[in-house]
Each structure stands twice: as C-alpha cells, then as structure tokens.
Amino acid sequence: MDEKQQLDPKPETPQAQNHSPVRKWLSKRWVYPAMYLGAAAVVIGVIYARIETNSTPTSVTTTETNQTSQTGTTSNGLEPWVWPYAQGTDATVTMGFFPVHGSLKQQAAAVVEYDNTFYPHKGIDIRAAGGRQFTVVAAQRGTVESVTNQPLYGYEVVVSSPDGYTETYQSLGSVDVKPGQTISAGDPIGTTSTNLFEQSQGNHLYFQVNQNGQPIDPESLLPKQ
C-alpha cells in the first residue's frame, strides 16, 4: 500500500531477506520514528530515519517494475475523495495512521512488528468483514505512476494526483491498471491479498497518502463513516 524520501541514521530494517533493495524500500516507506514496546508498559522512542536520496530503487520487484516520468497535474483540481474499496463492501480500518503528536497509547496502536522490530504505520489498513478479499478502487483521480511487486508488501500501485498528492495501494493480489493510465476516483485498481510485512492483518489493503512527499493521515481526507 506507488509510492517518498527522509534524514538521519536509518533504523534497523527487517531481515527476512538481507537484501539491500528491501531495506531501501522499508526505509522509504517507514520515514518516521521507530517504536519500541516494553513488556510491562508501552515505551516509545523516537528515531528519525534518514531521507532516501534515490526516489526509486532498482531491481526491487520480483516480476515487474514500470514507472512513468512526472505525471499528474495540479491545475484541474481534485475530485471528492472516496474510500478505496468498491461500493457495498463491508470494510473497516483495522490499523490507523501513526500520530506523531498522539498519546503513547495511540502511538502504540499504530505500529507494525516485523522481525522483532517495530515500525510506525504511515497509512491505514482496511479489512473486509470476515477477512474476505475485496475490490480496491482509486480514492482520488490521477495518473498511475508505477505498478510493482514488492517482496514484503505484495503488489503495489502508486498514483500521482493533483495538488501534490500521491496515493499508495499495497497488499494487492491482482492489479487492473497500468503505468501511465489516467484514472478517476472510484475506478477499480485491483483486489486485496495478504503480505509478509503485515501477516497479522490477513487479507487487507494498505493505503497511504503523501502530500508533497510527506505522509498524512488518509482518514483526514476520506468521507466520515
């Protein structure tokens, strides 16, 4: 859950692969503090990850990597934001966005544990009732920037939208769009699946929104449920 850059020593990244491309992708996605949970109480330490200077690592994908040059415009405005699942889907947010200024309890509820390390959640996880697969749709109009198959995150689609927005859809099992394609809010993007990084979430969608390269809470843009 396209697509992304940050500063300071990089936190230790998952080791499931010991391959530098995966470490680059992790540092790229998890750009805020790394979280550490104590056994008796929640202890959160804030460590700022360094900004990646390379916008897209090479040889990260297992099957396909496609990227267009700068796409999306800011002159035509935005469409109303929609939830990134097909109408009629009974879905809920199962993990929210990591609140940098939230309480320790709120922060602890928005971290992902992988390979004995904790990572702040820079998007939201969405699951359908019963953990069923569901159709993912575009939350905003834009141009498909890239379609990749990530070792830890499953298929990923990145969309560039007006006003500096970029939407990332991860944990996809199938993809219905291609790089360079123009899409509108509500258009099908693919279907959900599981991924290695968030196995505890089961079949779900990871959805992230950046504005001018900085992650923001997607629920601040989406319609109230």
Do the side chain of [X] and the main chain of [Y] share a donor and acceptor less than 3.5 angstrom apart?
X: Arg127; Y: Gln201; value: yes
X: Asn195; Y: Phe197; value: yes
X: Glu167; Y: Phe207; value: no
X: Gln181; Y: Thr143; value: no
X: Asp217; Y: Glu219; value: yes
X: Gln199; Y: Thr194; value: no
X: Thr192; Y: Phe134; value: yes
X: Ser171; Y: His204; value: yes

Quick check: closest heavy atoms across [X] and [Y], and the distance to 0.1 Å?
X: Val147; Y: Val177; answer: CG2-O, 3.8 Å
X: Gly96; Y: His121; answer: O-ND1, 2.8 Å
X: Ala138; Y: Ile183; answer: CB-CD1, 3.7 Å
X: Gln140; Y: Tyr169; answer: N-OH, 4.3 Å
X: Ser161; Y: Gly142; answer: OG-CA, 4.0 Å
X: Met95; Y: Glu198; answer: SD-OE2, 4.2 Å

Would you say CD of Gln225 has more than 12 non-hydrogen atoms from neighbouring residues, nucleotides or ligands within 6.0 angstrom?
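Enclosed: over 12 neighbouring heavy atoms sit under 6.0 Å from CD of Gln225.
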
Distance check, rounded to the nearest 0.5 Å: [X] atom [atom1] versus [Y] atom [atom2]?
X: Trp81; Y: Arg141; atom1: CH2; atom2: CZ; result: 11.5 Å
X: Thr135; Y: Asp176; atom1: OG1; atom2: CG; result: 8.0 Å
X: Thr89; Y: Trp83; atom1: OG1; atom2: CH2; result: 12.5 Å
X: Gln106; Y: Phe98; atom1: CD; atom2: CZ; result: 10.0 Å
X: Tyr155; Y: Thr191; atom1: OH; atom2: OG1; result: 10.5 Å
X: Asp187; Y: Thr182; atom1: CG; atom2: OG1; result: 10.0 Å

State plainly whether one hydrophobic cluster holds both [X] and [Y], where clusters connect Ile, Leu, Val, Met, Phe, Trp and Tyr through side-chain heavy atoms under 4.5 angstrom apart.
X: Ile126; Y: Val82; value: no
X: Leu221; Y: Val159; value: yes
X: Tyr85; Y: Val175; value: yes
X: Val136; Y: Val93; value: yes
X: Leu222; Y: Val209; value: yes

Indicate yes or no: at least one non-hydrogen side-chain atom of Pro218 is less than 4.5 angstrom from one of Gln208.
no

Hey, are the side chains of Val144 and Val157 touching, using non-hydrogen atoms and a 4.5 Å cut-off?
yes

Give the intermediate values and the outcome of side-chain contact (heavy atoms from CB on, under 4.5 Å) for residues Leu205 and Ile124.
CA-CA 8 Å; Leu205 167 69; Ile124 58 176; over 6 Å; no

